[in-house]
**Q** 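The structure that follows is given in the form of structure tokens.
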Amino acid sequence: MRPELGVCYYPEHWAEEIWAEDARRMAETGIKWVRIGEFAWSRLEAVEGVLTWEWLDRAVAILADAKLNIVMGTPSATPPKWVVDKYPDMLAVDIDGRPRQFGSRRHYCFSHLGYRREAARMAAAMAERYGRHSAVQAWQIDNEYGCHDTTLSYSEAARCGFRDWLAQKYQSPDALNRAWGNVFWSMEYANFNDIDLPNLTTTEANPSHWLDFRRFTSEQVVAFNRAQIEAMRPHTDAPFIHNYMGRVLDFDHFAVGADLEIASWDSYPLGALERTLREDDDDWKAHFARQGDPDFQAFHHDLYRAVGQGRWWVMEQQPGPVNWAPYNPIPLNGMVKLWTLEAIAHGAEVVSYFRWRQAPFAQEQMHAGLLRPDHENAQAQIEAREVADELAKLGALDHKDAEVAIVFDYESQWAWEIQPQGQGFDYFRLVFEQYRALRKLGLNIDFLPAQTDDFGKRKLILIPALMAWNDNLRKAIDRFDGTILAGPRTGSKTQNMQIPTPLGPHFAGAKVARVATLRPNMSIPLENGGAIINWHEELEGKDAVEKTAEGQTILMRDGKNFYHFYLGGWLDQSGYLRILTDLCAAQNIKTTNMPEGIRQRAVGNKTLLLNYNAFGVKINGQKLPPASAFWY
Amino acid sequence: MRPELGVCYYPEHWAEEIWAEDARRMAETGIKWVRIGEFAWSRLEAVEGVLTWEWLDRAVAILADAKLNIVMGTPSATPPKWVVDKYPDMLAVDIDGRPRQFGSRRHYCFSHLGYRREAARMAAAMAERYGRHSAVQAWQIDNEYGCHDTTLSYSEAARCGFRDWLAQKYQSPDALNRAWGNVFWSMEYANFNDIDLPNLTTTEANPSHWLDFRRFTSEQVVAFNRAQIEAMRPHTDAPFIHNYMGRVLDFDHFAVGADLEIASWDSYPLGALERTLREDDDDWKAHFARQGDPDFQAFHHDLYRAVGQGRWWVMEQQPGPVNWAPYNPIPLNGMVKLWTLEAIAHGAEVVSYFRWRQAPFAQEQMHAGLLRPDHENAQAQIEAREVADELAKLGALDHKDAEVAIVFDYESQWAWEIQPQGQGFDYFRLVFEQYRALRKLGLNIDFLPAQTDDFGKRKLILIPALMAWNDNLRKAIDRFDGTILAGPRTGSKTQNMQIPTPLGPHFAGAKVARVATLRPNMSIPLENGGAIINWHEELEGKDAVEKTAEGQTILMRDGKNFYHFYLGGWLDQSGYLRILTDLCAAQNIKTTNMPEGIRQRAVGNKTLLLNYNAFGVKINGQKLPPASAFWY
Amino acid sequence: MRPELGVCYYPEHWAEEIWAEDARRMAETGIKWVRIGEFAWSRLEAVEGVLTWEWLDRAVAILADAKLNIVMGTPSATPPKWVVDKYPDMLAVDIDGRPRQFGSRRHYCFSHLGYRREAARMAAAMAERYGRHSAVQAWQIDNEYGCHDTTLSYSEAARCGFRDWLAQKYQSPDALNRAWGNVFWSMEYANFNDIDLPNLTTTEANPSHWLDFRRFTSEQVVAFNRAQIEAMRPHTDAPFIHNYMGRVLDFDHFAVGADLEIASWDSYPLGALERTLREDDDDWKAHFARQGDPDFQAFHHDLYRAVGQGRWWVMEQQPGPVNWAPYNPIPLNGMVKLWTLEAIAHGAEVVSYFRWRQAPFAQEQMHAGLLRPDHENAQAQIEAREVADELAKLGALDHKDAEVAIVFDYESQWAWEIQPQGQGFDYFRLVFEQYRALRKLGLNIDFLPAQTDDFGKRKLILIPALMAWNDNLRKAIDRFDGTILAGPRTGSKTQNMQIPTPLGPHFAGAKVARVATLRPNMSIPLENGGAIINWHEELEGKDAVEKTAEGQTILMRDGKNFYHFYLGGWLDQSGYLRILTDLCAAQNIKTTNMPEGIRQRAVGNKTLLLNYNAFGVKINGQKLPPASAFWY
């Protein structure tokens, strides 16, 4: 596979006279792909039913003439005003019951069937017009599902849909009452139409009620996305893509991804550091303010490779300062190139910059592009050009499975959001900290969905905080002869989010007798170094591998299968590093202790070494300048 | 009085086959009392008017067979869905105007007369069924009034009720306008029906408006509680109890208690440390994270002894980790026993654990019980068994009045919530800090309501921050020849929450000329050690006992009655300890300086010594292990 | 001009028997002016159309007899209940869509035309009654526009008014769509009636949408104020005043001020320190807790002198502890006198204390007055009396323009609230920090509105963060031969809040290529001392005057006009002090380095030296006691 570059472009924002010049400069920059159209509904259909394709025809032609491939976006993320007037109840409703009004974007509820039809109709019209155009080589459905917290909606449409969904799932109110344990607090329902959404209750609603609402909501995203694909498929053979986001976890990306040929995501390392990774400390944020977290991009590259079943892009790559984070610094010179190469080392087919030229108006006027608003090249254009040259020399890259994989499960994220039990418990963060420890050991890492039934030839599988086991995963475990490390919280619930009897985890011979959550200023030291933070479990069972300094068992090994481990706590980095190093060694997985801010990713017979620091580092005798990446 | 143990049990949560086994194990654990029924409305009356007693008859019979006494709860805290459908406007409304929906519990407004009748009807039906059953030895009305901030409701029912209440109180709008000072800002009303609730005003509403709304609201709780008692009384002779909570101060517990035979409260030391005592520092929270604050339980034991006029229980005793605090650690081994014995030393007739077995479903599935969800004994069961053995040996305990008492006044809590004047001013906390200082001096302490007209044979009375004097209290003071220490803020308002002329406190010859509130990073040192924090008053008057380092009078003594003192500030602990030690010495009250985390409580001729620390302490030559209690 | 003292008085709050005594004591205190009437609507018109002047006639007569001048206030800030019942939709609506209810004050929406008429009718009636009374020497319109965040209202009245305003401004929806850039995200409108207010959108609304709504809102305040003046003018020749507040920036004070003869403001130094200057550090707040920020009062004195085109008062001067800040300490003895003299040194014609006597009832019962609620003199009365004596000796003061001026622009405040781009960017604070640096150099400072077309004989003009240039200001610059320092952000937008091409600032030969916002724990050191914080710009252009330690240009000088400077960053105090010292030296402006907490203000041939510290300071051989002011 030969990786290529792309860019996001909005011909409707610019005078038609400069389109050809823009196309020429894109080609000169080494760009092969151009995404267009995804916010242009008001220009394509200003009045209901009156479609105005001509300007877009001309834009497509100009790009095609410059030998650029086009990713055409369906515009359902920005329904024009007349659509909202037609369906006043299509607006999403926030958790406090307030409709989320027109005037920005993503002002629709995924459950609204009228809008779903309208969006599919428009998508079909675009596919009919451009689906066989030779330059249109891919489609993007909608834009950034979940952005601005828009997945969850507490609308009337959602309420009606949820009742139907529950009726289909449970068939009788009694079955639902049992599955949720509604006898508790006299919450029993006599009819499905008695059931409301779980927001605005006096105190917390039943966690099983919440979890079903989260599942229902996720399925609405899947259905909304699928409605467009089904309407478009007859008119095109080009692959379908969606551009996911970093740490947006409100819907099951594996489920949406099953309907798409390619996964992609929008990578904004600096914005993510400031806004998306809120929980970390200020010194660390200052250290990486102009580079981004050294593991956040890689994590999502690996996650979306799994979502795309191997095929994935970066659809939007940050090119300079953005407008939406609490603080918006300028990337260090070199970072745009580093981020691009890192994505490619993780297997991206295309890395596409957002956007071609900074817009001088509206909400994103302070968001950089490859070009400045005055049409001059910005720093990112120079770095993109350098990447294009490097890619030309690099040739095809050969990707294969990593030796280490982590099972990642969106439903577990929802379960522990609903029931953190202690403020410090966050599923994403727990997975991320295990991922970070593996990266600090220099390893390639894969992600696997919880429905995996085969771990392949991998050697080490991590299963942190999986809410409930499923048959597929049990099958994968049975087939597997490598090492598995599960816990904490793994297998602690049934599918209905009840506590099972016998108590979990039902793995490695362990039983969790009691659970403690710890204040941030408390930790429990381990006998051999490192400590437990946030979450601690009292374990019953025989085969202790690790103990706390006070002698409580914290890591157990199965008496029958010596490669099955259960870890009854959340460890700090030094604890994870020590234990993962040992587990890798036992499986002959080669680890390397990476210096601070240095990471690597192997691909084919090459390895990309990355310096995320603002200072140069000497490594293997090689001088690595600040903010640079280097193949060896 | 011979103290006993109890437990809270939900037969409706468990298969009927295990009820008898549960009863047998309760008896074996040494339990004498079982509370049942208080959340079971949907199982007793699934459809309006169709009452299903049979399952509860069988449960009662099984418990009775095991010689267990029953506390039967009325289920008004959890009205089923059909009740809400019958009275859609019965939902409480939050301060932002949003109805608090069905789907958890306590979703009713105390002012709604329709629901009040419905709850009384159901309570009467239960009393009719079980009121003469020999095993049913007590009744609990409702459950945890005020939990989830449900006392205050801004509903239409509250608005209508408030207008009537004001009309009865003031008789004419003019009288109300004068009492509130509505000429200020042209807030005058021409009719009682013009008056709205004080929420959602542009800026703060009139404090007198707020205070009357708080009084009205408190009286709704009294009326709601009384409606059930009046409906039940013809059918039973068993005593009535309510289970209050820690630091819930939204209604006047003395007024509710006047209709009940026994007071009780729900004691959750670890949850309270994390959630209810928010204002304290992180180091201290870490120190006591697995034990609870060493004074919080005692404070409420003493307070509810006063509310119950001597008769009180712990209705729910924390048995292990709970589910609802920001962090939920595991109690140190020994703490369940310590907490139980401490309650008994303070005079509890019954200490009842919540709950028998951890429920595997719904909102409280992470809340420990005496048994684990898999039916195994948890640590708390072992400690309960030990307490039962100890109680058997201990025999009857003889309680008498303490030498020291604090006047505690719910109305003052409301007044200073409405008008803190500085962020640091919190009535409960001020009282609690004076209480803590007395406890550190090894003293027994009583609480007295502000309507007390006789202090009995006590020697020292503290009257902190009482908003306004009343005739009864004046009478008690006149009759008393011990020491009284009042202030700060005591007597600073009239009953209408206006500033009196002459200025307060109208006590000890003092006059408060001006008031300052202090930032947390400011304090005013006293001449002889200790400092003023939060609140400082400039005093006029002659007989200064204490001054600040700069020479301002802070403690005054009455020129006529040398045992009347007024303290014009909030002191830090060292200030309180020094001054209270002196006042005790002058009254021949014996004080002992307790080491950190060590407390004591005398009862009859015994004293219980408690070690709240996580480490052992040697005291009076006796080694006191961590988390332990010891009679001497 | 001979400065005088005043006081705010509410005869309706007190028994008529004491009015004459009050008047006598006011005169004895040295007071010349008394403000009355501004909250008395419910006493003047308890029932619609029935006007009750008699009590006010008597109060006016009593004050006139004591030779006191009267400032009569129109009572539109506190419409009585019947007005709200007449116009239920006149209530302002908050950003969450909730009406702001009756029960305090300022419960009206500026856009509501019915209420606007009602307020003008009442104002006219007062003017008719008292407009020719010899004692009524001035009028105050309404009270504290904007207090309690009441400028912005999201009501139906505002929505309708905004649509009309946009239609008049843009004439066609297409013109509006272009001006706002609504093609972005398909936000285009086909009709003006499609446009909603910018609150409650899914994510941020278009900044141009917001800015127009802020302009519309500000114009509603102007129109509301003007409606009263126009109704009153036929009946009186006395000057009109409004009492503005500190750091209330929601409407254009210059525009309101253009309709008034005199500006005034309400100066609460301690409350402002605690509540209005939130962003500063705790140590600093403790240092000045009993004195106030040493620059906050002066800043507003100078600003409102500009708003009043030279004529200004302090209408409300804090006399002691207030009731509304998070903490309310007692001013150090001497501060009331210091604050009063400082205002006079800045040119105040009258300094009027709020209020005569502390009210014992309602919302402000804890707000001090010159008298205590028990009629005794408070400390402030003593200090006011001292000031009166000092003023008698001082004689007339002669004010002239300062050598240094800052351009202050309300519209820029709105623009950067809408688009801070980094959390640290606050327009007021940036201007305040530049002002503080100038004050630390001992300078007199003037403010100028952005529509100024002549800088007069001044020598140094600062233009920080002006959103967009205008023709008048361009003219002033062209006429000027002194030094101008602009930036950061100055000239970075068009009037429609779009980025101009060529890029700004269009000044001093500079071009801003890119912008970075910095975390609070990051800064960029300058080559010659000081550092950039919050905001940093990459500059293009030739003539660098200052560079960062890493060599990036930060201060540029025009190649053509060597006195035009552009500063591409927000500096810390040491950076500003250094650069401003140099710019002053080049213009022969004499600077003095003031010690901490010491400030000065020159007037005529005198200079007032102020010690804001709580400790004495020796300066120029002169001992300056704590909290004191001294003419030299």
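Here is the naming used below: chain letters follow the sequence lines, and residue numbers restart at 1 for every chain. Worth saying up front: this structure is predicted, and the values here are computed from it rather than measured.
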**Q** Rounded to the nearest 0.5 Å, how far apart are OG1 of B:T203 and CH2 of C:W324?
**A** 11.0 Å
**Q** How are the rings of C:F361 and B:F184 set to each other: parallel, tilted or perpendicular (split at 30° and 60°)?
**A**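 The rings of C:F361 and B:F184 stand perpendicular, inter-plane angle above 60°.
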**Q** Mark yes when over 12 heavy atoms from residues, nucleotides or ligands other than B:E550 sit less than 6.0 Å from its CD; otherwise mark no.
**A** no
**Q** Count the heavy-atom pairs under 4.5 Å between each of B:A516, B:A513, B:P520, B:G181 and chain C, then report the option with the highest count.
**A**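 When all of B:A516, B:A513, B:P520, B:G181 are compared, B:A516 has the most.
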**Q** Show, in sequence, the C-alpha distance, side-chain angles and deciding distance for C:H13 and B:V183, and conclude whether the side-chain contact (heavy atoms from CB on, under 4.5 Å) test is met.
**A** CA-CA 7 Å; C:H13 292 180; B:V183 61; 3.8 Å; yes
**Q** With respect to chain B, which residue among C:T150, C:N323, C:V84 yields the maximal number of heavy-atom pairs within a distance under 4.5 Å?
**A**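 Result: the option with the highest number of such pairs is C:N323.
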**Q** In terms of heavy-atom proximity below 4.5 Å to chain C, should B:A190 be classed as side chain, backbone, both, or neither?
**A** neither
**Q** Quick one: CD on C:E364 to CD on B:E204, what's the gap to the nearest 0.5 Å?
**A**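 Result: 8.0 Å between the selected atoms.
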**Q** Would the distance check show the side chain of B:E188 and the main-chain N or O of C:K81 forming a donor-acceptor pair, the cut-off being under 3.5 Å?
**A**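 Flag not set: sc B:E188 to bb C:K81 has no pair under 3.5 Å.
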**Q** What part of B:W185 gets within 4.5 angstrom of chain C, counting heavy atoms only: side chain, backbone, both, or neither?
**A**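 For B:W185, the contact with chain C is made by backbone and side chain together.
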**Q** Shorter than 4.5 Å, heavy atoms on both sides: which option in C:R100, C:R105, C:E38 has the most such pairs with chain B?
**A**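 Top count of heavy-atom pairs under 4.5 Å with chain B: C:R105.
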**Q** Quick check: does any side chain N or O of B:S186 sit under 3.5 Å from a backbone N or O of C:W41, one acting as donor and the other as acceptor?
**A**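 Such a contact is found between B:S186 side chain and C:W41 backbone.
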**Q** Give, as side chain, backbone, both or neither, the part of C:A325 having an atom under 4.5 angstrom from any heavy atom of chain B.
**A** backbone
**Q** Among C:T78, C:D282, C:N328, which has the most heavy-atom pairs under 4.5 Å with chain B?
**A**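 Top option by heavy-atom pairs under 4.5 Å: C:N328.
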**Q** Taking atom OG1 of B:T201 and atom CG of C:L91, what is their separation to the nearest 0.5 Å?
**A**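 It is 11.5 Å, given to the nearest 0.5 Å.
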**Q** Taking all heavy atoms of C:A286 and all of B:M522, pick out the closest pair and write down the distance.
**A**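 So the minimum-distance heavy-atom pair works out to CB-CG, 4.0 Å.
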**Q** C:Q363 and B:M187: side-chain contact (heavy atoms from CB on, under 4.5 Å), yes or no, with the steps?
**A** CA-CA 11 Å; C:Q363 281 90 334; B:M187 298 177 296; 3.2 Å; yes
**Q** Name the region of C:D85, side chain, backbone, both or neither, that has any atom closer than 4.5 Å to a heavy atom of chain B.
**A** side chain
**Q** Taking only residues two or more places apart in sequence or in another chain, which ones pass salt bridge (charged side-chain N to carboxylate O under 4.0 Å, His left out) with C:R372?
**A**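 Salt bridge (charged side-chain N to carboxylate O under 4.0 Å, His left out) check on C:R372 returns B:E540, C:D374.
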**Q** Tell me, side chain or backbone of C:A40 under 4.5 Å from chain B's heavy atoms, or both, or neither?
**A** backbone
**Q** Which region of B:L200, side chain (C-beta onward) or backbone (N, CA, C, O), has a non-hydrogen atom less than 4.5 Å from a non-hydrogen atom of chain C, or is it both or neither?
**A**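 Looking at B:L200, backbone and side chain both touch chain C.
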**Q** Between B:N534 and chain C, which part of the residue has a heavy atom less than 4.5 Å away: side chain, backbone, both or neither?
**A** neither
**Q** Please report the shortest heavy-atom distance between C:V322 and B:Q421, naming the atom on each side.
**A** O-NE2, 2.8 Å
**Q** Please identify, among C:M366, C:R106, C:Q358, the residue contributing the most non-hydrogen atom pairs under 4.5 Å to chain B.
**A**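 Answer, by heavy-atom pair count under 4.5 Å with chain B: C:M366.
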**Q** Pick from B:Q419, B:K493, B:H209: which one has the most heavy-atom pairs with chain C under 4.5 Å?
**A** B:Q419
**Q** Top residue by heavy-atom pair count (under 4.5 Å) with chain B, among C:P373, C:P360, C:A77, C:P75?
**A** C:P360
**Q** Look at B:D196, B:V515, B:T501, B:N206 and state which one has the largest set of heavy-atom pairs under 4.5 Å with chain C.
**A**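 Greatest number of close heavy-atom pairs with chain C: B:N206.
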**Q** Output all residues satisfying side-chain contact (heavy atoms from CB on, under 4.5 Å) with B:A465, sequence neighbours left out; order by chain, then residue number.
**A** B:W416, B:F425, B:Y427, B:L430, B:R489
**Q** Residue by residue, which of residues 42-49 of chain C have a heavy atom closer than 4.5 Å to a heavy atom belonging to chain B?
**A**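 Checking residues 42-49 of chain C against chain B gives C:S42, C:R43.
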**Q** Which residues satisfy the side-chain contact (heavy atoms from CB on, under 4.5 Å) test with B:Q423, sequence neighbours excluded?
**A**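 B:Q423: side-chain contact (heavy atoms from CB on, under 4.5 Å) contacts with C:P326, C:Y327.
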